[in-house]
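I have placed the structure first, in the form of structure tokens, so that the comments after it can refer back to it.
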Amino acid sequence: MRRVITYGTFDLLHYGHIKLLQRAKLLGDYLIVALSTDEFNLLEKSKQCYFTYDERKKMLEALRCVDLVIPETCWEQKKTDISNFKIDVFVMGDDWKGEFDFLKEQCEVIYLERTPEISTTKIKNDLMK
Ligand code: C2G
């Protein structure tokens with residue numbers, strides 16, 4: 001079984017996120033999503049999420065392409081996750097291109113094209129107009 005992992009905040013889940021997750025799943029048989037906790041978002045990404053971790057987790061778990069959701073609590077957990085979950089493929093959107101090449105010692109690293117026209121920030125800004 002080819003195991004894929006990806007990481008993210010996935011706040012205000014939108015079709016850009018879902019297209020990423022669907023393409024990630026197609027790269028293997030089992031997709032794990034490491035979901036940024038509220039604390040990690042606030043402290044490390046300066047992101048104040050609209051939905052809580054539990055709400056974001058439930059939405060991801062409802063997606064057919066997602067097999068498991070685990071917490072992302074720090075930047076440094078990726079190597080351990082890849083080893084503990086026996087990951088074959090690490091996937092991120094290409095806004096992260098190159099950032100995680102150090103993981104190539106452990107598994108395949110693939111950057112998928114980001115869906116350009118949509119983002120959580122754009123949704124928030126459009127709704128404020
Ligand atoms: N994404 C995408 N298209 C969009 C928006 C997001 O393909 N229009 C992808 C991103 O490239 C990322 C994933 O969806 O791979 C999740 O995006 P975010 O929730 O913004 O996650 P991010 O803040 O990039 O967190 O340790 C890694 C971080 O947790 C990644």
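Positions are given from 1, in the same order as the sequence printed here. Computed from a predicted structure; not experimentally measured. In listed order, ligands and their atoms are each counted from 1. In what follows, every heavy atom counts, from backbone to side chain, and hydrogens, waters and symmetry copies are set aside.
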Ligand 1 N/O within reach of [X] N/O, cut-off under 3.5 Å:
| X | answer |
| --- | --- |
| Lys78 | yes |
| Trp96 | yes |
| Ser119 | no |
| Gly93 | yes |
| Met92 | no |
| Asp95 | yes |
| Lys45 | yes |
| Glu72 | yes |

(message) If you take the nearest heavy atom of each of Lys97, His17, Lys47, which one is closest to atom 20 (O) of ligand 1?
(response)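 Shortest heavy-atom distance from atom 20 (O) of ligand 1: Lys47.
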(message) When you compare the side chains of Asp88 and Tyr30, does any donor N or O come within less than 3.5 Å of an acceptor on the partner?
(response)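 No, no side-chain donor-acceptor pair sits under 3.5 Å.
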(message) Regarding Gln22 and Tyr15, do their side chains bring together a donor and an acceptor under 3.5 Å, going by distance alone?
(response)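 There is no such pair between these side chains.
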With heavy atoms under 4.0 Å as the rule, classify the contact between [X] and ligand 1 as side chain, backbone, both or neither.
| X | answer |
| --- | --- |
| Glu117 | neither |
| Ile118 | both |
| Thr9 | both |

(request) Could you tell me which atoms of ligand 1, counted from 1 in the order shown, lie closer than 4.0 angstrom to a heavy atom of His14? (result)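 What qualifies from ligand 1 is 4 (C), 5 (C), 8 (N).
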(request) Please could you name the atoms of ligand 1 that Ser36 approaches to less than 4.0 Å, counting only its heavy atoms? (result)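 Listed by number with element: 29 (O).
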(request) Rounded to the nearest 0.5 Å, what's the gap from OG1 on Thr115 to CG on Leu20? Could you check? (result)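 Those atoms lie 7.5 Å apart.
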(message) To the closest 0.5 Å, what do you measure between CD (Glu44) and OG (Ser36)?
(response)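 These two atoms lie 10.5 Å from each other.
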(message) Is it the case that over 12 heavy atoms from other parts of the model lie below 6.0 angstrom from the NZ atom of Lys45?
(response)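 For Lys45, atom NZ is crowded (more than 12 foreign heavy atoms under 6.0 Å).
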For [atom], what's the nearest protein heavy atom and its distance?
| atom | value |
| --- | --- |
| atom 1 (N) of ligand 1 | Arg114 NH1, 4.0 Å |
| atom 19 (O) of ligand 1 | Phe10 N, 2.8 Å |
| atom 9 (C) of ligand 1 | Leu20 CG, 3.9 Å |

(message) Against ligand 1, does Lys19 come closer than 4.0 Å with any heavy atom?
(response)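 Under 4.0 Å: no for Lys19.
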Under a 3.5 Å distance rule, please check whether [X] uses its side chain to pair with a backbone N or O of [Y] as donor and acceptor.
| X | Y | result |
| --- | --- | --- |
| Asp38 | Tyr53 | yes |
| Glu61 | Val69 | no |
| Asp11 | Phe51 | yes |

(message) Are the side chains of Phe102 and Lys79 in contact, using a 4.5 Å heavy-atom criterion?
(response)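 With C-beta onward as the side chain, the pair touches.
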(message) Can you confirm whether Arg2 sits close enough to Val89 that some side-chain heavy atom of one is under 4.5 Å from a side-chain heavy atom of the other?
(response)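 They are in side-chain contact.
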(request) Check whether the ring centres of Tyr7 and Phe90 lie less than 6.0 Å apart, and answer yes or no. (result)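 Yes.
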